[in-house]
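All heavy atoms count here, side chains included; hydrogens, waters and symmetry mates do not. All residue numbers in this chain count up from 1 along the given sequence.
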Amino acid sequence: IWLLRKWRLKADFILANTNESARIAAIVSRLFPAVGKKTKVYVRDFQWRDLDFIAKSLKAALFLVPSSALIECKDYLGDYVLPKGSVRWAVVPNAAPMSRADAPAAFPQQLIGVRYILSLATIARWKGQEYAIEALRRLPSNIHLVISGDVADRFYLDQLTSMASTPGLRSRVHFLEFQDDPSSLLQNAVCVAVTSVARHGGPETFGRVVIEAWMHATPVVAFDVGGPKHLITTGSTGILTPESDSTALAAAVQWIIDNPDGAKAIAQRGSREVLERYGQKSIYDHLVALISDKKPEPQSLAPITSPR
């Protein structure tokens, strides 16, 4: 304990960016309260446990989140941080992915000459690919849907493939495995659809695929929930639609199809957003400023209403 105390108190700051490291910091702070003042806790997802113990033990810590989505959830971190609780917090977005040195994966042969919407997400119920398939029913028959991602829920995959085999959708929905480098898929898509919902373990805490689409100047349509609603300014850098509303989703995609100049402008503004706000150096400087306590902390969030 003496060695732990000596090491902890000599550190300029402590960054706990995993659930387990936050638990350890919380235990140590019960023994040595000064530890809490030096601790920054980075909560990245909705999978954390023992938040009650961690937040109450680290009342003097600064909690960091990739977006306000984690704070808005009234049954999660929002119970402990300002304005409902007393713990301070700040947003540190995920940085845009660094350019890949290797050549991008070859474009799938079956998609050559195909106009498609891209859903780039794990196959899981909270990712909401069913809404993208339903939206496809309302779109012209020459528009296809590409769903690419690891399979986390086999039962949900069976449901999606069953939907895709119904009249009007046969041969229009393409399931691809996870793409380590989806650049070619992103570059050639009509738009990217982000259909995650605030149920079944959702919503998105950030929305990395939004950033990746912007990096390739591809328009984005997304449900107005979770991380994407904090990334996208609807009508400016993308289009937000009501959660779980496949009709509105289809209408947004149809607008992109019918207005190529407007869609291009939206995508270009998204690209500028990446360069100005989500570059590696911008995020690094922002994080360092917060860690060194040289940057004012954020104002309290608006009243917390979004359920998880």
Side-chain angles (χ1 to χ4, degrees), residues 4-5 8-9 11-95 126 196-208 223-232 243 277-278 283 286-308:
L4 187 59
R5 177 178 181 274
R8 289 286 183 178
L9 295 185
D12 294 319
F13 66 89
I14 302 158
L15 180 60
N17 65 348
T18 66
N19 198 173
E20 189 58 32
S21 63
R23 285 194 193 100
I24 293 171
I27 292 169
V28 173
S29 71
R30 290 290 180 106
L31 299 172
F32 312 111
V35 166
K37 296 179 181 179
K38 296 186 175 186
T39 301
K40 321 296 180 185
V41 182
Y42 202 157
V43 183
R44 291 182 176 272
D45 54 45
F46 288 114
Q47 306 304 314
W48 281 42
R49 300 291 180 265
D50 301 324
L51 272 177
D52 186 75
F53 171 71
I54 292 170
K56 290 179 179 177
S57 301
L58 295 170
K59 291 181 179 179
L62 176 64
F63 278 62
L64 308 176
V65 292
S67 82
S68 302
L70 285 119
I71 307 301
E72 293 174 333
C73 182
K74 66 179 180 181
D75 297 323
Y76 198 60
L77 195 56
D79 289 339
Y80 306 103
V81 303
L82 294 167
K84 186 174 181 180
S86 59
V87 178
R88 301 170 302 146
W89 64 279
V91 173
V92 178
N94 295 335
W126 71 273
S196 302
V197 296
R199 305 185 301 281
H200 312 300
E204 298 281 356
T205 58
F206 181 64
R208 176 190 170 104
F223 286 153
D224 189 14
V225 66
K229 83 172 185 180
H230 296 287
L231 290 173
I232 296 169
E243 181 185 358
R277 299 187 58 189
Y278 301 106
I283 301 302
H286 178 55
L287 178 60
V288 168
L290 287 169
I291 286 174
S292 58
D293 293 321
K294 292 180 180 179
K295 191 166 187 174
E297 288 161 22
Q299 299 297 314
S300 298
L301 192 68
I304 299 169
T305 56
S306 300
R308 179 170 163 228

- Message: K59: which residues meet the side chain to side chain donor-acceptor pair (under 3.5 Å) condition with it, sequence neighbours left out?
- Response: none
- W48 to A16 - nearest heavy-atom pair and separation: CH2-O, 4.4 Å
- Message: Would you say that L51 contacts L77 through its side chain, given a criterion of any heavy-atom pair below 4.5 Å between the two side chains?
- Response: yes
- Message: Looking at every heavy atom in both A69 and F46, which two are closest together, and how far apart are they?
- Response: O-CZ, 3.9 Å
- Message: Go through it in stages, so that I can follow the logic: the residues are D52 and D79, the test is side-chain contact (heavy atoms from CB on, under 4.5 Å), and I'd like the CA-CA distance, side-chain angles, deciding distance and then a yes or no.
- Response: CA-CA 9 Å; D52 186 75; D79 289 339; over 6 Å; no
- Task: Locate the shortest heavy-atom distance separating A55 from V87; write the atom from each residue and the value.
- Result: O-CG2, 3.9 Å
- Item | Residues forming a side chain to side chain donor-acceptor pair (under 3.5 Å) with S57, sequence neighbours excluded | R30
- Results of salt bridge (Lys or Arg N to Asp or Glu O under 4.0 Å) for R44 - residues two or more places apart only: none
- Message: Nearest 0.5 angstrom please: N19 CG to D50 CG, how far?
- Response: 6.5 Å
- Contact summary for A60 and K37, nearest pair of heavy atoms: CB-CG, 3.8 Å
- Would you check if F223 and P228 make a side-chain contact, meaning some heavy-atom pair closer than 4.5 Å? no
- Note on the structure: Residues passing the side chain to side chain donor-acceptor pair (under 3.5 Å) test with S86, sequence neighbours excluded, are none
- In sequence, state the C-alpha distance, the side-chain angles, and the governing distance for W89 and L70, and then conclude on side-chain contact (heavy atoms from CB on, under 4.5 Å). CA-CA 11 Å; W89 64 279; L70 285 119; over 6 Å; no
- So CD1 of I283 and OH of Y278: to nearest 0.5 Å the spacing works out to 7.5 Å
- Taking all heavy atoms of V225 and all of P203, pick out the closest pair and write down the distance. CG2-CB, 4.1 Å
- Could you grab the distance from atom OG1 of T39 to atom CD1 of I291, nearest 0.5 Å is fine? 11.5 Å
- Query: How long is the span from the NE2 atom in H286 to the CG atom in L64, to the nearest 0.5 Å?
  - Reply: 8.0 Å
- Message: Any non-hydrogen side-chain atom of E243 less than 4.5 Å from a side-chain atom of D224?
- Response: no
- Query: Short question: side chain of R23, backbone of I54 - any donor-acceptor pair under 3.5 Å?
  - Reply: no
- Rounded distance (nearest 0.5 Å) linking atom OG1 of T18 with atom OH of Y42: 13.5 Å
- Task: For residues F13 and L62, determine if any side-chain heavy atom of one lies less than 4.5 Å from a side-chain heavy atom of the other.
- Result: no
- Query: Which residues satisfy the ring-ring contact (aromatic ring centres under 6.0 Å, His included) test with F63, sequence neighbours excluded?
  - Reply: none
- Task: Only counting residues at least two apart or in another chain, list the ones meeting side chain to side chain donor-acceptor pair (under 3.5 Å) with N17.
- Result: none
- Taking every heavy atom of A61 against every heavy atom of V41, the minimum-distance pair comes out as CB-CG2, 4.4 Å
- Message: In the structure I gave you, are the side-chain heavy atoms of V91 and S68 within less than 4.5 Å of one another anywhere?
- Response: yes
- Does some side-chain heavy atom of W126 sit less than 4.5 Å from a side-chain heavy atom of E204? yes
- Item | Check: S67 and K229 side chains under 4.5 Å, non-hydrogen atoms | no
